[in-house]
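Notes follow once the structure below has been shown.
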Amino acid sequence: EKGSAPAIPVDPRFDIAYVTPVTIGTPPQTLYLDFDTGSSDLWVFSSHTLASQVRGQMIYSPEKSTTAKLLAGHTWSIRYGDGSGSLGNVYTDNFTVGGVTVTSQAVQTAQQVSTSFTSESDIHGLVGLGFSTLNTVYPNGQLTFFDNAKSQLDSPVFTADLKWKKEGTYDFGFIDETKYTGEITYLPVQTDPGYWTFTSSGYAVGDGSFNQVSISGIADTATSLTYLPTAVVTSYWRQVEGAVNSQYYGGYVFPCSSKLPSFTFGVGSANITIPGSYINYAQITEGSPTCFGGLQSSSGLGINIWGDVALKAAFVVFNGGNPPTIGWARK
Ligand SMILES: O=C(Nc1ccc(Cl)cn1)C(=O)N1CCCC1
């Protein structure tokens, strides 16, 4: 089996996130979910979510699905790197993405969600695509959609072709050669504790010289920006006149009129170049001459994160084979 589904930018003014249509249950209920390689819970806004915390989201109602089964005695609770979170209980039901169906997928129904989820009406939940070891369901951890689907896929892979302010694609079970140029460079993945963790071989700012330095980080499709070591980020923003690391705004801001340099990162002996335009993330407020950078320091996170700002510059293969690897190609 194989399948494809669109990755639609939420608020295409600045690619906050990407959502993908899925159907759950019988008859099928359609929701738009944020596919997240940085976590491993599949949770949705539901008929169980506090009414005061639902603001326009589509919801999954298990009581309207003839194939839904309560996973009795199971609960979940998750906290993300930006401080947002959700919690609730668990059903199993049929779950379909791009024509690939998993029967009896654990679908975590939210009873509570934090304010940032309530205020984002275009995101109706998340599909975790990290390793199942990260799943928060208690007392028995559940498998991700990808882990459940893997055995029925033509190849145990999924790919991410995210795009700048445009609709991209998630493919399952195959590698679409038309989506990239040149070769795919595969790197080893550290699967402990459960992220797609790989080591980049270095970086260059604009047309500058390449700095060979190992940067271990996670590929995270649900993190909007990219967070790298302070030394790397400082050397980037030093090239932008008027850029400052603002305590007030919580990161590097710069004059929106700036022409930003590109940022190149190494993947083995190859490299990926993020155009400067992708690093101009957004005006700090509507109409402001000050913009917020898409490349920020990871100090304080304890982890480097290659988020959407980096991922959308590449075609990325998440290979769930034995051993798992991650592939990068230019496009
Ligand atoms: O919070 C996240 N990433 C993240 C991590 C660190 C920092 Cl500073 C900011 N963001 C993340 O992946 N998600 C998934 C759903 C909502 C947020």
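Quantities reported herein were computed from a predicted structural model and do not represent experimental measurements. Ligands are counted one by one from 1 in listed order, and the atoms in each one are counted from 1 as well.
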Derivation and outcome, side chain to side chain contact (heavy atoms under 4.5 Å, CB included), residues Asp171 and Lys179: CA-CA 10 Å; Asp171 291 337; Lys179 291 197 168 115; 2.7 Å; yes

For the residue pair Phe117 and Trp43, does the interplanar ring angle fall in the parallel (under 30°), tilted (30 to 60°) or perpendicular (over 60°) class? perpendicular

For the residue pair Phe35 and Tyr170, categorise the inter-ring angle as parallel (less than 30°), tilted (30 to 60°) or perpendicular (more than 60°). parallel

Run through ligand 1 for me and note each protein residue having a heavy atom under 4.0 Å from it, chain first, then residue number. Asp36, Tyr80, Gly81, Asp82, Ser84, Phe117, Leu126, Asp220, Ala222, Thr223, Tyr227, Leu301, Ile305

What residues join Phe210 in its hydrophobic cluster, counting side-chain heavy atom gaps under 4.5 Å, either direct or through other members? none

Hydrophobic cluster identity match, Phe45 and Leu50, side-chain contacts under 4.5 Å: no

Can you tell me how far OG1 of Thr109 sits from CG of Leu70, rounded to the nearest 0.5 angstrom? 8.0 Å

